[in-house]
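Have a look at the structure below, then the notes.
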Amino acid sequence: MIEIAEEHARRENATIITSVTMEIGALSGVVPEAMEFAFEACSKGTLADGATLEIRRIPALGHCQECGQECAMESLLVGCTACNSFALKILKGQEMALVELEID
Amino acid sequence: MCTDCGCAPPQPGHDHTHDHASRKIRVEENLLAKNQRLAMSNRVNFTAHQLFVLNLVSSPGSGKTSILERTLTDLKDSLQFSVLEGDQQTANDADRIAATGAPVKQINTGAGCHLDAHMVGHGVEGFDLKTTDILIIENVGNLVCPASFDLGEDHKVAVLSVTEGEDKPLKYPHMFQAADLMLINKIDLLPYLRFDIEQCKSFAHQVNPQIKIIELSCHSGEGMQEWYDWLSQGVKQKREAERD
């Protein structure tokens, strides 16, 4: 993640990254707290050293293949909120992306 | 070119009053984009060679290598396999596979907990892909991280052994959601265990209604034929898809 951020910052001739914004979906498998911890450790000595990390959590949304409803998904273990079916197609919630940088 | 910011050659009307101080830039890049690009390139390579490719995933000790040993031995006259073995350390698994006569390469990830598409792309370089029907990638024993990394395979195959507890699909839903086939291994031990196999299958279908399940024992041989039929069918379909 830091490599991608540095690559974009260098392309803009920036010398420092002051903030990093990410989108993490509820079903992405990424634990935001672990990402924050790792970011602080891994950014040392890079352009992002000392940068703030903002994580936007994206709630998951599923489309039920049985009843056609769209429903919020808190985890993979919860069925359709309308009909309880587990045949849900995930529409949103698997994001794991770097979306914005603030550079100088 | 503007020597301050590297922007385009001076154009009429180009002014240098723009601010070089702190600014925001949109990036919108998936963190796994690099792995996905490499996985796609692996997939193109595998498809060009009409290879049926499986990514075998499970917790450590479920019997992935033992299933492979028996499979390679039983099918050696009908299908040509190549095997990539992923482990943190040792070449023990590769030695076991090599003893069956199949081409094998060990990838040691060191401290890494999964294989990625880059390792696989280089891992297959020594194989004769033209004469291979099935490439099996045995991932590092881990039910968490390998779920997120596409290697360019046709299917993830999750192995679960009956000594592990029937609720594994609920505890590690991402893996069982990513897999197309689940092999329930060591069923010869069922009489000695309190493992509810129907409950296990229902948990797996809860996280993945489409997952196919085969119950087998690579020790007694029970259920292995159904796995072999699934493999042969996959090879056939891959070849037909290529021809179309």
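So that the names make sense, note that chain A is the first sequence line, chain B the second, and so on, each numbered from 1.
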Worksheet item: Under 6.0 Å from the NZ atom of A:K44, do we count more than 12 heavy atoms belonging to anything else shown?
Response: yes
Practice prompt. Determine whether more than 12 heavy atoms belonging to other residues, nucleotides or ligands lie under 6.0 Å from atom CD of B:Q88.
Written response: yes
Worksheet item: Which answer fits A:I4, side chain, backbone, both or neither, if we ask what part of it has an atom under 4.5 Å from a heavy atom of chain B?
Response: side chain
Response to the item:
Closest heavy-atom pair, B:K24 versus A:E102, reported as atoms and distance to 0.1 Å, is CE-OE1, 3.5 Å
Fill in: Atom NZ of B:K168: over 12 foreign heavy atoms under 6.0 Å
yes
Practice prompt. Tell me, for B:P209 versus chain A, whether the close heavy atoms (under 4.5 Å) come from the side chain, the backbone, both or neither.
Written response: side chain
Practice prompt. Heavy-atom distances under 4.5 Å only: say whether A:I16 touches chain B with side chain, backbone, both or neither.
Written response: neither
Worksheet entry | B:E222 atom CD, over 12 foreign heavy atoms within 6.0 Å | no
Worksheet, complete the sentence: Note: vs chain A, highest number of non-hydrogen pairs under 4.5 angstrom among B:Q210, B:E29, B:E28, B:H205 is B:E29
Discussion item. For the NE2 atom of B:H174 and the CG atom of A:L76, what is their distance to the nearest 0.5 Å?
Written reply: 5.0 Å
Practice prompt. Look at atom NE2 of B:H118 and say whether more than 12 heavy atoms of other residues, nucleotides or ligands are closer to it than 6.0 Å.
Written response: no
Worksheet item: Residue by residue, which of residues 30-38 of chain B have a heavy atom closer than 4.5 Å to a heavy atom belonging to chain A?
Response: B:N30, B:L31, B:L32
Practice prompt. Please say whether more than 12 non-hydrogen atoms of neighbouring residues, nucleotides or ligands are located less than 6.0 Å from CD in B:Q199.
Written response: yes
Worksheet item: Is there a side-chain contact between A:I90 and B:Q177, using heavy atoms and a 4.5 Å cut-off?
Response: yes
Response to the item:
What one should report as the nearest heavy-atom pair of A:E12 and B:I25 is CG-CD1, 3.8 Å
Worksheet item: Which atom names give the shortest non-hydrogen contact between A:T18 and B:S22, and what distance separates them?
Response: OG1-OG, 4.5 Å
Discussion item. Is it the case that atom NZ in B:K201 sees more than 12 heavy atoms from other parts of the structure closer than 6.0 Å?
Written reply: yes
Worksheet entry | Within 6.0 Å of CD in A:E3, more than 12 heavy atoms from elsewhere | no
Discussion item. By the definition side chain to side chain contact (heavy atoms under 4.5 Å, CB included), identify the one residue from A:V20, A:L101, A:T21 that meets it with B:V27.
Written reply: A:L101
